[in-house]
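Read the structure below first, then the notes.
All of these numbers come straight from a predicted model, not from anything done at the bench.
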Amino acid sequence: MALGDLMTSRFSQLSLAVSNHVIDGNVSSGGYHEDDVAYADLMSQRRDLDAVSTSSYANAVTSTATVPTTMAYLPQTVVLCELRHAAFEASTPTGPSDSGLVSKWRPKDRMKTGCVALVLCLNISVDPPDVIKISPCARMECWTDPFSMAPQKALETIGKNLRDQYERWQPKARSKVELDPTVDEVKKLCNTCRRYAKSERVLFHYNGHGVPKPTANGEIWLFNKSYTQYIPLPISDLDSWLKTPSIYVFDCSAAGMVVNAFIELLDCGTSNYPGSSRDCVLLAACEAHETLPQSSEFPADVFTSCLTTPIKMALRWFCTRSLLHESLDSSLIDKIPGRQNDRKTLLGELNWIFTAVTDTIAWNVLPHDLFRRLFRQDLLVASLFRNFLLAERIMRSANCSPISYPMLPPTHQHHMWDAWDMAAEICLSQLPSLVEDPNAEFQPSSFFTEQLIAFEVWLDHGSEHKKPPEQLPIVLQVLLSQCHRFRALVLLGRFLDMGPWAVDLALSVGIFPYVLKLLQTTTPELRQILVFIWTKILALDKSCQVDLVKDGGHVYFIRFLNSAEAYPEQRAMAAFVLAVIVDGHRRGQEACIEAGLIQVCLKQLHGFTQNEAQTEPLLLQWLCLCLGKLWEDFTEAQTIGLQADVPGICAPLLSEPQPEVRASAVYALATLLDVGFDSFRDGIGGDEECDDVEKNRAEMIIIKSLLNVVSDGSPLVRAEVAVALAHFAFGHKQHLKSIAAAYWKPQPNSLLNSLPSLANLKGTGSGNIVSSQIGPLTAMVRNGRVSTSSPLATAGIMHGSPLSDDSSQLSDSGILNDGVSNGEVNHSRPKPLDNAMYSQCVLAMFTLARDPSPRVASLGRLVLSIIGIEQVTKSVKPAGNSAWPSDPANSSSTPSISGLARSSSWLDINGGHMPLTFRTPPVSPPRQNYLAGIRRVCSLDFRPHLMNSPDSGLADPLLGSTSGSERSLLPQSTIYNFSCGHFSKSLLTASDDSEELLAKREEQERFALEHIAKCQHSSVSKLNNNSQIASWDTKFETGTRTALLQPFSPIVIAADETERIRVWNYEEATLLNGFDNHDFPEKGISKLCLLNELDDSLLLVASSDGNIRIWKDYTLRGKQKHVTSFSSIQGHKPGVRSLNAVVDWQQQSGYLYASGEISSIMLWDLDKEQLVNSIPSSSDCSVSALASSQVHAGQFAAGFVDGSVRLYDIRTPDMLVRTTRPHTQQVARVVGIGFQPGLDQGKIVSASQAGDIQFLDIRSQRDTDLTIDAHRGSLTALAVHRHAPIIASGSAKQLIKVFSLKGEQLGTIRYQHTFMAQKIGSVSCLTFHPYQVLLAAGAADACVSIYADDNSHTR
């Protein structure tokens, strides 16, 4: 299977999960995991259910009988388990590395040998005194018999042959030969070579077959002028002439003496150049005590022959040991046809296999850093060392051990030599016929095919923890051959996909120059796999960007990105590669702009925004990131982008379903905002007006777009908005400071008058709406993410406020003019943007500073500090009886400083995390009546002249004096680095833990189905005081506010009003964990829900202000992790102080429903982390209870403060199915609401504060089917079991009553004044176990009790 197909099939599972939520009638299936694939068969049952669930309410009675219950009760949706949820709050994943560990694969300096000095001391016909020769004796030198011609001619022939042999390995090196020289001649030779080679390596080859062995001191012998004496040359002198870098080859007996002396010289530090590091390599023919082999089967210079003519030497040696030795004449070896560098010939093939075998042996035996130094840094050194491995093998067979410095481990018995022998034998067997008939066709060896099969077998079974694949260097060699190349690349791609460790191994073995060279090929079938391989390399090591640009490789990827036939996932990889190429690399940015990358990216983005079809999100994400990186800090590119209307093209992406795409679009737009910095580079003040009106217009569009997502559901997106606003604030800080300062201007009367008049404001087109009162200014922020196409913009968010009145819509720019025109804020030059926009930006900054995500909030505070507002450090104690500004007791003196998003003024920051201040000396004492926790300490009319100076009179706690260092302190975007993590993971295989997850899921499904059946079919017996199985004193000072029972373990989770969460095992009676939901001073809990309860469940904690925070690992002490958070309620009614949020979670659809003191019900899709709808509640009253159906996706019921109940179904066009007023006896708020167990649609239980419980069937015409008067005037809680026919209600009179669905009372649990009896305070919360008849009750006195019916008891 070609990798293209393999990738297509695998990628379809791997790309970002695109949820197919529906509003049109198909039950949503949410975002699938890899582990959800196994549920395909279950899904088919699910589709039957879908058909039923869309039928009309009237005939639903008949059809529900056929529904397969299992699927209705076991939702397949899994949310919030993407990479971003694991990593966002904890840390920022790093992008491709550009230093450190990974760059070690790169040879420090590529080096070449520039000069070769050959010294031959043969003195032919005169044997040295210390050698006794045998007969017959080895005589050949450089494949020449010195006795076959006159001695002088023989010496010259041998010298010429040796020079030719070396030139084959390094043709460009200058070679000089000295024949039987004196010491002076050698000195002159060495000095000349070093002078010529400069800093390159010099090779010094010494053949000492005609002189005595080296001395114990490591001196080699030369001659005097008249050849009457041997003259010693100390190795230290030689070293001082040749200097470094150098390589020495000593072919003489006892050559080890020289090596030992050399090592001593290095150890003593008597080096002639103490400053430089030594780079000397030595190869010696034998150990210090050994003499060279004299057997006539070898040449006399067997060591030199192995090093310089390895194939000839290897085959001659092998022939005598092979089965072929009788049939094969060794003289034929000299006639092997072909050229060594032509792989299609016999000689070329042998040379290629030999290189692969020796490379592989070295790679598998040597430490990697030594391998890189000897085999990858210098071509000649690499060849000599490969051939040295052969010398060791051949000479050890003659009891002689060649040695080297650095020393190598023994390799002569490595099993790869067997593979070489076999390949050699197969090739040699063809030799006679090829020599006879020059036209005979040569059959290539199966060596490479077999090695690729071995590599593939390793890929099927290997892993990081097993021994690395031996064949990696062979795969490298195979890339040279066209016939094996595609397969080798596919296997290499599979290997690189195993993880960064595999990429590092492949780079260490030397893959880089090969795959770089392949970018010059035009073969279409290689394109996909090459893009994949480069994706993997650049995900590990960014430094390759330089090589790619130098070689013009970027053009290859731009062409691929622009090709229509490539799959979107593969084009996303090309966009990733290009993003890395331009990341912080000016030459790369310039090269890509020249090659038209901006136009290619924009053409594709434009196509997507015009085309309604679903696009691969990964491609959208990387097109945006690539563009962002392309014009980051690069004015020329930004100008091209603005001319091409990038703001218009990218803005629609801010409403894409995938948070990563939205965050990347924010990043692309935000990097365009950097135009604010250009003037800094020119040394002009940051607020110098841009000459270009177009730029201002574009900046305005960009800021408007970004303000729309300031309250996005994903912290990933909001963090990018915060970073963008920080850059914007830095470029426009004087104007923003003026605006902020104007808001803080002290007036003698009330807070409201101290703000500039807001009478002139028109709702901008983005759906941000502000009325003539100040309260709704917050709508602008909370509701800032909504665009005109969103239901929110048309749904009448602010019912009952002046917003709906046309008279409040006035000019865009009038917002602050009259309040700011009295001298201190006026500038001598016009503002780049209008005041309204600056005001919205300041509001957005406050929203971000109070964000429920800790990381986003800290970014928000940083942004505020840029405009001169900073946190005053104060210890804040939320508990106890201190009066908070939001307390009614305190509100008379402090007009509602309770929270940015929900009070009559947007500057009540104190109720949020932080009291704020301007850091400048106080001029007048702050007035307590209008700012409790915020200190405004500088009146701007006190220093009006400062407004036009470079500093506006407001302090810059974040920023120093120089713009360069200021800039470096700005927060940096993280979406690019975060997104790179996707490509470091395996893209072709599912993760190993998916089977484990699947097994766990199946086991939990089995448990659930078994217990659902028991709940449905066993009659519930009495629940009363005797049913208590556990009681837990939570030690909450304010009593238990809400509780939750875990489905598959005996765990109860409880929370109090101060949002302290505690987790308790009720079987073992042990506290498992306790933690605070957040550190803000303003507290209040609304609800706890479990997400993904059939998988690894997450804990959703909803605060009363509508903020949602989601935790994982919440049962492990101190190990709980923040998964995500967002504000679920936006655009509340003016004048409302507390939101009293109510929420419910529906696993079937992946939707979270949220409402409160607002006129609509917000519908959040947690898979998209996006507000997908805002459903008008069709009532002037606010929602007091919400319940979603756990079997019918998209269906939910709401109870209101006036006692009315409404059923909604988001799959119907009107959303609202029915309104009813069941609680008629007395108008009281609905305290609890829930769907009755079973698959019936529209059967609801509703309980009002007056004490009556109503059973409703929306399909019948009557308002109520059954009424129970449970508690007179004091009902506080209602719980409806998900599957058993049982409900429970609690009252403030310390009483719990349990009823069946027919209305009969099954028991009462009351507060008893007996010594041992359990204690119930005013009942604050009731909750049933989802699959067992277990009831948990929380009370105002911090006690949580758990009751079980008799059946559960006995079970």
Side-chain angles (χ1 to χ4, degrees), residues 1015 1018-1031 1039-1043 1045 1184-1185 1187 1199 1203 1205 1222-1223 1225-1226 1228-1237 1243-1256 1264-1314 1317-1329 1332-1341 1343-1353:
C1015 284
S1018 61
S1019 58
V1020 175
S1021 56
K1022 299 274 185 272
L1023 264 178
N1024 53 34
N1025 287 56
N1026 303 326
S1027 312
Q1028 179 170 324
I1029 58 167
S1031 180
T1040 307
R1041 186 74 188 75
T1042 176
L1045 285 164
S1184 57
V1205 171
H1223 304 285
Q1225 299 143 330
Q1226 185 183 342
R1229 66 189 291 128
V1230 175
V1231 172
I1233 193 166
F1235 281 80
Q1236 294 181 28
K1243 283 196 166 184
I1244 296 170
V1245 182
S1246 169
S1248 85
Q1249 202 168 5
D1252 60 317
I1253 301 175
Q1254 304 289 350
F1255 289 74
L1256 320 171
T1264 60
D1265 277 10
L1266 174 69
T1267 302
I1268 305 171
D1269 278 324
H1271 310 273
R1272 286 198 191 85
S1274 62
L1275 194 141
T1276 54
L1278 173 77
V1280 182
H1281 198 288
R1282 206 188 286 179
H1283 301 292
I1286 178 173
I1287 66 168
S1289 63
S1291 87
K1293 296 176 181 166
Q1294 304 164 337
L1295 193 68
I1296 297 171
K1297 289 185 180 173
V1298 183
F1299 301 94
S1300 74
L1301 294 183
K1302 298 194 174 81
E1304 59 184 284
Q1305 189 165 332
L1306 299 176
T1308 306
I1309 302 164
R1310 66 177 72 247
Y1311 178 69
Q1312 293 171 324
H1313 295 280
T1314 57
Q1318 72 273 29
K1319 178 184 181 189
I1320 299 179
S1322 171
V1323 178
S1324 56
C1325 61
L1326 290 173
T1327 179
F1328 278 110
H1329 188 286
Q1332 290 172 289
V1333 184
L1334 285 179
L1335 175 68
D1341 57 9
C1343 203
V1344 172
S1345 306
I1346 296 170
Y1347 305 90
D1349 76 325
D1350 296 347
N1351 300 336
S1352 301
H1353 243 5

If you measure from [atom1] on [X] to [atom2] on [Y], what distance do you get to the nearest 0.5 Å?
X: I1253; Y: S1246; atom1: CD1; atom2: OG; result: 9.5 Å
X: H1281; Y: L1301; atom1: NE2; atom2: CG; result: 11.0 Å
X: D1269; Y: K1297; atom1: CG; atom2: NZ; result: 9.0 Å
X: S1248; Y: L1275; atom1: OG; atom2: CG; result: 7.0 Å
X: I1286; Y: D1349; atom1: CD1; atom2: CG; result: 6.5 Å
X: Q1236; Y: I1244; atom1: CD; atom2: CD1; result: 8.5 Å

Within-4.5 Å side-chain heavy-atom neighbours: Y1347 and I1309 | yes

Carefully, step by step, assess Q1028 and I1346 under the rule side-chain contact (heavy atoms from CB on, under 4.5 Å).
-> CA-CA 6 Å; Q1028 179 170 324; I1346 296 170; over 6 Å; no

Output all residues satisfying ring-ring contact (aromatic ring centres under 6.0 Å, His included) with H1283, sequence neighbours left out; order by chain, then residue number.
-> Y73, Y1331

[X] side-chain N/O to [Y] backbone N/O, donor-acceptor pair under 3.5 Å:
X: S1291; Y: H1271; value: no
X: S1184; Y: V1230; value: yes
X: S1027; Y: N1024; value: yes

Using only heavy-atom distances, determine whether the side chains of T1267 and Q1254 contain a donor-acceptor pair under 3.5 Å.
-> yes

Between T1308 and Q1305, does any side-chain donor sit less than 3.5 Å from a side-chain acceptor?
-> yes

Step by step, would you call L1045 with L1335 a side-chain contact (heavy atoms from CB on, under 4.5 Å)?
-> CA-CA 9 Å; L1045 285 164; L1335 175 68; over 6 Å; no

Contact summary for [X] and [Y], nearest pair of heavy atoms:
X: S1322; Y: A1292; result: OG-CA, 3.4 Å
X: G1199; Y: I1233; result: N-CD1, 3.9 Å
X: S1300; Y: F1255; result: O-CZ, 4.1 Å
X: P1285; Y: C1015; result: CD-O, 3.7 Å
X: V1231; Y: A1277; result: CG1-N, 3.9 Å
X: S1324; Y: A1340; result: OG-N, 4.2 Å

Just do the side-chain contact (heavy atoms from CB on, under 4.5 Å) check on L1326 and I1296 with the steps written out, would you?
-> CA-CA 9 Å; L1326 290 173; I1296 297 171; 3.8 Å; yes

Worked check of side-chain contact (heavy atoms from CB on, under 4.5 Å) between L1334 and I1029 | CA-CA 9 Å; L1334 285 179; I1029 58 167; 3.7 Å; yes

Can you sort out the partners of R1282 under salt bridge (Lys or Arg N to Asp or Glu O under 4.0 Å), two or more places apart, ordered by chain and number?
-> E1093

Contacts of K1243 meeting salt bridge (Lys or Arg N to Asp or Glu O under 4.0 Å) (sequence neighbours excluded), chain-then-number -> D1240

